[in-house]
Amino acid sequence: MLDNIIGATDWQGLDAAHHLHPFTDHKALHEAGVRVITGADGVFLIDDKGNRILDGMAGLWCVSVGYSRPELVAAAAAQMTTLPYYNTFFKTTTQPAISLAQRLAKLAPAGLNRAFFACSGSEAVDTALRMARFYWQTMGRPGKKIIIGREYGYHGSTTLGASAGGMVDMHRQGGDMPHFAHILPPYWYGYGGQMSAAEFGLYAARQLEAKIIELGADNIAAFIGEPLQGAGGVIIPPETYWPEINRICKTHDILLIADEVICGFGRTGKMFGSDYFGIAPDMMTVAKAITSGYLPLSAVMLNDRIADVLINEGGEFYHGFTYSGHPVACAVALANLDIIESEGLVARATDMGALLRAQLHAALDDHPMLGEIRGVGLIGAIELVADKRTRRFFDKRGRVGMICRDHCIEAGLIMRAVRDTMVFSPPLIISEDEISQLVARFVTAIDRTYQQVRDEVQV
Ligand code: PXG
């Protein structure tokens, strides 16, 4: 029945006529024709032509428990039947929202005991930034307004999120509010030069101290950073980085916000990226894998130091969303966390990630275009370079990555290209056999990419 409808309708034509997509050059998209996904199962997506594509990105870094989980469908249906919606404004609440807040407090690093709910990562970031400024205002220091982020950081698409992030193209399109500043990312492969990783980690962290001194701690509300930078190309900081950032924030009385939208709920092999890297955040934003993407939901977690001030001295905080603490989304989140815990998916991320990287190394270390394979847990990156000995990138950054991404799709694999860095973040339920399939498909794609651009590669 569904097949007939899909077959009979010009979905691509209708999409071109009426649908605007996120982060898309529409003219280019509709010349090429949009891909229509009609179903999914485990780690595979199914398109309208019946192709089974291995989803090496877990959707947009979110479908941790895999597609087609009946437990999540059942949780949504049960909650929709009892109470499909009520809000958490005006002295009311719902049981799923309470239970989820309690569950998050148990899972989060020590001291982060309170959750404020929103619907997307961007809204959570926006909320955290307003809270940081409101906190300082409540403390009698209203001048502390500046938020420091990092180049290649990604904190969402609201105007504040785009401003906190370090994507210059987003800044150019209206995402450049006042009171934001950016520092160098801890991108050792790209910027480390002759320094060891450990030296570079300290060097990159001390850029924060230099920026604080330049702008004045009295003007700065918070530093925001992803434990590892996902959309910026899975930039994994050296282990010296975060302890030094902790120290700098503490010394200069700057709040530390860990944006855990990608890292949260097991992706790094620990429940949170903050656990993995030893970050001591004042606030933490979470989204994506909180429901494995089955429904939109996010939260800001606050530590007691911030929450106590806001609660006891802040009065009313004029902020919130119609769907804050949506009962169906919270019920699905609880069922999703049950799966993550009962199936041991956090530990599984470590094991499967190690297997994936070992297979990638075995297959690709001698490849002329392979610069670096890096990863923690089940998230990682493969740098494609023009000269692997000197770490020289391709001249027109992003072109080779895009070629490789298209070859991946042709080979039945979804990977994302960030500049010429291929990134992966498959569902945490991926099996050993599926890891081998992922690697085999990627090797096909990188070989075809090499055939296409070999004149540009120094061997
Ligand atoms: N913070 C981080 C660290 C993110 O990765 C957001 C905030 C914003 O979340 P929402 O739910 O508002 O999208 C994100 C989202 C990509 C890609 O292609 C990455 C994200 C979203 C869409 C695409 O890498 N990250």
Side-chain angles (χ1 to χ4, degrees), residues 21-25 29 55-64 117-130 147 149-167 169-170 175 180 182 185-186 222-237 256-265 267-268 272-274 276-277 279 281 283-301 321 323-324 326 329 333 376 379-381 398 401-402 405 408-409 414-426:
H21 296 244
F23 282 86
T24 292
D25 172 340
L29 171 72
D55 186 1
M57 285 304 299
L60 285 174
W61 326 76
C62 53
V63 188
S64 288
F117 291 114
C119 314
S120 67
S122 302
E123 287 175 1
V125 165
D126 211 292
T127 301
L129 299 186
R130 284 195 59 197
I147 310 290
R150 297 174 297 181
E151 291 158 26
Y152 294 148
Y154 188 74
H155 302 295
S157 276
T158 58
T159 312
L160 287 192
S163 304
M167 306 295 189
D169 291 335
M170 296 178 80
F180 284 90
H182 301 88
F223 172 69
I224 183 166
E226 304 151 75
L228 61 81
Q229 289 173 246
V234 186
I235 296 169
I236 301 171
L256 175 49
I257 304 172
D259 185 348
E260 295 263 5
V261 166
I262 284 180
C263 291
F265 309 105
R267 180 56 61 191
T268 63
F272 293 100
S274 292
Y276 185 91
F277 291 105
I279 307 170
M283 286 189 247
M284 203 168 84
T285 47
V286 294
K288 293 194 189 277
I290 192 171
T291 59
S292 283
Y294 279 56
L295 282 174
L297 178 72
S298 66
V300 182
M301 299 290 303
F321 306 100
Y323 307 113
S324 283
H326 194 290
V376 298
I379 184 166
M402 207 50 80
R405 191 194 68 172
C408 283
I409 296 205
I414 294 203
M415 295 264 290
R416 182 139 140 45
V418 179
R419 301 176 297 282
D420 299 320
T421 308
M422 303 307 296
V423 298
F424 55 84
S425 165

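In this text the structure is predicted, and so the values were computed from the model without any measurement. For reference, positions follow the sequence shown, starting with 1. Counting convention: from 1, in listed order, for ligands and their atoms alike.
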Quiz item: Is there at least one pair of N or O atoms, one from Glu226 and one from ligand 1, spaced under 3.5 Å apart?
Solution: no
Between Pro185 and Gln229, the two heavy atoms sitting closest are CB-OE1, 3.4 Å
Note: Arg416, heavy atoms under 4.0 Å from ligand 1, region reported as side chain
Requested in this report: May I ask you to decide if Gly273's main-chain N or O and Glu260's side chain share a donor-acceptor pair within less than 3.5 Å?
Outcome: yes
among protein heavy atoms, the one nearest atom 22 (C) of ligand 1 is Leu60 CD1, 3.6 Å
Within 4.0 Å of some non-hydrogen atom of Ala231, the atoms of ligand 1 are 24 (O)
CZ (Arg416) and CE (Met402) are apart, to the nearest 0.5 Å, by 8.0 Å
Atom 1 (N) of ligand 1 sits nearest the protein heavy atom Asp259 OD2, 2.7 Å
- Message: For the 3.5 Å polar cut-off, considering only N or O atoms, please tell me whether His155 and ligand 1 meet it.
- Response: no
When distances are taken from atom 9 (O) of ligand 1, the protein heavy atom at minimum range is Gly121 CA, 3.2 Å
Tightest non-hydrogen contact, residues Met422 and Gly401, listed as SD-O, 3.7 Å
Quick note on ligand 1: atoms under 4.0 Å from a heavy atom of Trp61 include exactly 16 (C), 17 (C), 19 (C), 24 (O)
Any heavy atom of Ala287 under 4.0 Å from ligand 1? The part involved is neither
shortest atom 20 (C) of ligand 1-to-protein heavy-atom contact is with Lys288 NZ, 3.3 Å
Indicate whether any N or O donor in one side chain lies under 3.5 Å from an N or O acceptor in the other, for Ser298 and Glu123.
no
Would you find a donor on one side and an acceptor on the other, under 3.5 Å apart, between the side chain of His182 and the backbone of Ala164?
-> yes
Is the backbone N or O of Phe117 less than 3.5 Å from a side-chain atom of Ser324, with the two atoms forming a donor-acceptor pair by type? yes
among protein heavy atoms, the one nearest atom 12 (O) of ligand 1 is Ser122 OG, 2.5 Å
Checking heavy-atom distances from atom 6 (C) of ligand 1 to each of Gly156, Ala118, Ala124, Gly153, the winner is Gly156
Practice task
Using a 4.5 Å cut-off on heavy atoms from C-beta on, say whether the side chain of Val125 contacts that of Leu160.
Solution key: no
Please say whether Glu123 places an N or O atom under 3.5 Å from an N or O atom belonging to ligand 1. no
>> So does Gly225 get a backbone contact from the side chain of His155, meaning a donor-acceptor N/O pair under 3.5 Å?
In response: no
**Val261 backbone acceptor or donor facing Thr285 side chain under 3.5 Å** = no
Within 4.0 Å of some non-hydrogen atom of Ser120, the atoms of ligand 1 are 11 (O), 12 (O)
For ligand 1, which is the ligand I care about here, please tell me if Ile262 has any N or O atom under 3.5 Å from one of the ligand's N or O atoms. no
